[in-house]
Amino acid sequence: MSTRVRFAPSPTGFLHIGGARTALFNWLFARHTGGKFILRIEDTDTARNTQAAVDVILRGLHWLGIDWDEGPLTSDATGPDKGDRGPYYQSQRRQRYDERVQALLSHGLAYEHEGAIKFQMQREPVVIHDLVVGEVKRDLTDREAQDPDFVIVRSDGQPVFHLTNVVDDLDMGITHVIRGEDHLSNTAKHVCLFKAFGVQPPKYAHIPLILNPDGTKMSKRDVGATIQTYIDDGFVPEAVVNYLCLLGWSPKNNREILPISEIIELFDLPQVLRHNARFDMEKLKWMNFEYVRTMSDDRFHELAVHTFAKAGLDTNQYPLDYVKKAIDTCKGKIKLFNELPGYAGFYFTEAVTYDPEAAKKDFVPENQPRLQKLRDAFAQVKDFNYAALEAALKNTAGELGVKAGVLVHPARLATTGKTSGPSLYHLLEVLGKDRVLARLDRALQRAS
RNA sequence: GACCCCAUGGUCUAGCGGUUAGGACACCACCCUUUCACGGUGGUAGCCCGGGUUCGAUUCCCGGUGGGGUCGCCA
């Protein structure tokens, strides 16, 4: 039998990193087993479920590269979808729930209570066979022992999560429920519901949670908790996905960075860890850097242009060749794309502002004649390439009897406004003689 | 409070009765270097505690401690 798994988020207005990882593990399992990955929107709740909130989820999954075989095509609950087990919005499945509740009622497995409908829960401990955790015997808590039965339809007629979740999994033929460990306690309820409907429950796999660095539960307010953060901060989706895979799972053999195709091949449920993992932004950034420095020049260029544009720097105003060479000097230097405007924005604006601390240190009277000599040397360079520029600078330093660094720092500050950045000689070559001389002249005035 | 899950350096992990306990991030030192990085070399740092089982436990069992989760007419 072919596997069928689903990711069933509630549109809360953000895609939580834990949810994304759950989606990812489901997706990996489906791809690994050659089964189907289904997206179902659990929007039974309140008015907080807006189309915009669904869009956030759809966009987040798209960005991560997680595609679904069945599910909605748009954020419109009544809009088009793919798959023959729809609709995939719970708000459109009300009739199914009503039918199932009637069945329970008529079999005496549920009953009305103060206008709501409650399910007759079994009193004995429920045994769950979990693919990750193992066999779990779930006993009633003291609170539940008071009244083990739980509401499946609210008094206003709205079916409740436990009911809709189970009915949908049943109707959609879900074979494996892969979800966060925070659902493990709920699973006892769900297993009993399946039994009441006279069917075998799906197989369960409760995966560990992603915690904050301090070990507390990650809420939407915490750093890195929502996928939008990564989109906004200039992360590469493959890096985020790769990192997420390593939280609660390992490819073994001391391997960490590996293509998704290989992860799909290696991934399986029994190897998922049981303990929670803490989120480490530093490691994610390192991994992102690994992806950024090894990606193709074309992709780097495309993402870079987009990032500059976001920061208000229009690279289209410059010759394509200039833009390309400028961006090339940044490859392998930045960890996140959002560092780019600060790192290399000087290529795309004539309004260079000097780092005040550095200016105080480098633009001093003592450096004025040195910079002047360097400027004159650069003016003599006919073929304005990095090798010639390096030779010119070093030669000047030699004549001045100073180390290269004495010229390098002021020159960098004069042309970029920064104390660090791409290779100086390469950046000068890209900037070109006119710009370099002009910027040097401006700095010369400042230094005098 | 009750119920459930979990436990290898600061963090992510490999390990599945006998290992100098391996890798990665981070950190420190040195080298390289025009800046910042990259890279290279070396280094600090770990099996939560207590009982068992065993010739021998990081590894198996029990208890404790610690962490997390769940006990809604939220999902």
Side-chain angles (χ1 to χ4, degrees), chain A residues 8-12 19 42-46 48-49 90 113-118 125-126 128 130 132-134 136-146 148 150-162 164-165 180-189 206 208-211 213-217 243 246-257 273-287 289-290 293 330 332-335 339 343 358 389-390 393-394 397 403-409 411-413 416 418-428:
Chain A
S10 173
T12 54
E42 305 217 332
D43 59 344
T44 52
D45 186 26
T46 54
R48 77 180 181 194
N49 293 328
Q90 290 193 328
H113 179 75
E114 290 181 14
I117 296 172
K118 297 181 81 170
V126 178
I128 300 156
D130 193 282
V132 170
V133 185
V136 177
K137 194 165 122 191
R138 169 73 220 279
D139 211 340
L140 260 28
T141 66
D142 57 357
R143 174 73 181 69
E144 290 168 332
Q146 307 282 312
F150 58 93
V151 172
I152 52 175
V153 179
R154 304 195 296 217
S155 50
D156 66 1
Q158 272 293 326
V160 168
F161 162 72
H162 298 300
T164 60
N165 192 264
E181 198 224 70
D182 52 340
H183 278 96
L184 188 52
S185 292
N186 290 151
T187 302
K189 294 186 173 81
H206 288 90
L209 270 25
I210 299 176
L211 270 25
D214 66 359
T216 56
K217 190 182 185 182
Y243 177 74
L246 264 31
L247 256 28
W249 177 80
S250 167
K252 312 281 178 77
N253 296 116
N254 290 338
R255 302 237 287 143
E256 294 200 304
I257 294 181
L273 274 340
R274 302 113 303 185
H275 61 267
N276 296 339
R278 297 184 191 203
F279 182 77
D280 185 354
M281 183 61 94
E282 289 310 308
K283 183 144 185 179
L284 206 206
K285 282 183 181 173
W286 164 78
M287 187 165 281
F289 175 66
E290 292 301 309
R293 65 193 278 245
C330 304
K333 301 288 225 167
I334 53 153
K335 272 194 165 77
E339 294 169 19
Y343 188 81
L389 290 163
E390 178 170 4
L393 184 142
K394 286 188 169 163
K403 292 207 291 189
V406 173
L407 294 179
V408 164
H409 295 290
R412 172 182 294 283
L413 187 65
T416 72
K418 308 265 176 189
T419 56
S420 68
S423 159
L424 177 65
Y425 308 119
H426 288 82
L427 124 216
L428 292 175

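Chain letters run A, B, ... following the sequence lines, proteins first, then strands; residues in each count from 1. Quick caveat: nothing in here was measured; it's all calculated off a predicted structure.
The partner of G39(B) is C31(B), by the rule that a Watson-Crick or G-U pair needs both atom distances under 3.5 Å. Across all strands shown, the partner of C60(B) is G52(B), judged by Watson-Crick or G-U wobble contacts whose two distances both fall under 3.5 Å. Base pairing of A7(B): its partner is U65(B), meeting the Watson-Crick or G-U wobble criterion (both donor-acceptor distances under 3.5 Å). Partner assigned to A75(B) is none, using Watson-Crick or G-U wobble distances below 3.5 angstrom. In this entry U70(B) has A2(B) as its Watson-Crick or G-U wobble partner, both defining distances falling under 3.5 Å.
Here G115(A) lies out of heavy-atom contact (under 4.0 Å) with every strand. Heavy atoms of S250(A) sit under 4.0 angstrom from primed sugar atoms or phosphate atoms, though from no base atom. Within 4.0 Å (heavy atoms only), K137(A) reaches sugar-phosphate atoms of the nucleic acid but no base atom. Contact annotation for L273(A): backbone-only contact, meaning every heavy-atom pair under 4.0 Å involves sugar-phosphate atoms and none involves a base.
For R293(A), the side-chain contact (heavy atoms from CB on, under 4.5 Å) partners at least two apart in sequence or on another chain are F289(A), E290(A). Residues passing the salt bridge (charged side-chain N to carboxylate O under 4.0 Å, His left out) test with D156(A) are R154(A), sequence neighbours excluded. With sequence neighbours excluded, no residue forms a side-chain hydrogen bond (donor to acceptor under 3.5 Å, both in side chains) with S155(A). Looking at residues two or more places apart in sequence or on another chain, you find no side-chain hydrogen bond (donor to acceptor under 3.5 Å, both in side chains) involving N253(A). Under the rule for a ring pair (Phe, Tyr, Trp, His ring centres under 6.0 Å), Y343(A) has no partner lying at least two apart in sequence or in another chain. The ring pair (Phe, Tyr, Trp, His ring centres under 6.0 Å) test applied to F279(A) returns Y243(A), not counting sequence neighbours. Listed by chain and number, the residues in a side-chain contact (heavy atoms from CB on, under 4.5 Å) with H426(A) are T329(A), Y386(A), S423(A) (sequence neighbours excluded).
Rounded to an integer number of Å, the gap from NE2 of H275(A) to P of U11(B) is 11 Å. The interatomic distance linking R274(A) (CZ) with A14(B) (C1') rounds to 12 Å, in whole Å. The interatomic distance linking E42(A) (CD) with C74(B) (P) rounds to 15 Å, in whole Å. Going from atom CG of N165(A) over to atom P of C74(B) covers 15 Å, rounded to whole Å. Rounded to whole angstrom, the span from the CD atom of E114(A) across to the P atom of C73(B) amounts to 11 Å.
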- Query: What is the per-nucleotide protein-contact pattern of nucleotides 20-42 of chain B, from the 5' end, where B denotes a base atom under 4.0 Å from a protein heavy atom, S denotes such proximity for sugar-phosphate atoms only, and - denotes neither?
  - Reply: --BBBB--------BBB-S----
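Using atom P as the reference point in both G22(B) and C30(B), the two lie 26 Å apart (nearest Å). G15(B) and C74(B) have their P atoms separated by 44 Å, given to the nearest Å. To the nearest whole angstrom, the two C1' atoms, one in C55(B) and one in G50(B), are 22 Å apart. When the P atom is compared between C49(B) and U54(B), the two are found 23 Å apart, to the nearest whole Å. The gap from the C1' atom of U59(B) to that of U53(B) amounts to 13 Å, rounded to the nearest Å. Between U13(B) and C28(B), the distance separating the two P atoms is 24 Å to the nearest Å. Comparing the same atom, C1', in C12(B) and in A26(B) gives a spacing of 11 Å after rounding to whole Å. Comparing the same atom, P, in G9(B) and in G23(B) gives a spacing of 16 Å after rounding to whole Å.
Counting only heavy atoms from C-beta outward, the side chains of V132(A) and E181(A) never approach each other to under 4.5 Å.
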Could I get a table of every N or O pair under 3.5 Å where one atom is in the protein and the other is in nucleotides 60-71 of chain B?
residue	atom	partner	partner atom	Å
G68(B)	O2'	N276(A)	ND2	3.0
U70(B)	OP1	K217(A)	NZ	3.2
C71(B)	O2'	T141(A)	OG1	3.1

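In terms of position along RNA chain B, the nucleotide closest to V132(A) lies nearer the 5' end than the nucleotide closest to the other residue of the pair V132(A) and F150(A). Map G248(A) and Q90(A) each onto its nearest nucleotide of RNA chain B; the residue landing nearer the 5' end is G248(A).
Of the charged side-chain nitrogens involved, none lies within less than 4.0 Å of a carboxylate oxygen, so that E339(A) and K285(A) do not count as a salt-bridged pair.
Ring geometry, F161(A) versus H183(A): the interplanar angle falls from 30° to 60°, so the pair is classed tilted.
Regarding the sugar-base torsion, C38(B) falls in the syn class, its angle being within 90° of 0.
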- For E256(A) and K283(A), run salt bridge (Lys or Arg N to Asp or Glu O under 4.0 Å): C-alpha distance rounded to whole Å, both residues' side-chain angles, the deciding distance at 0.1 Å, then the answer. CA-CA 11 Å; E256(A) 294 200 304; K283(A) 183 144 185 179; 2.8 Å; yes
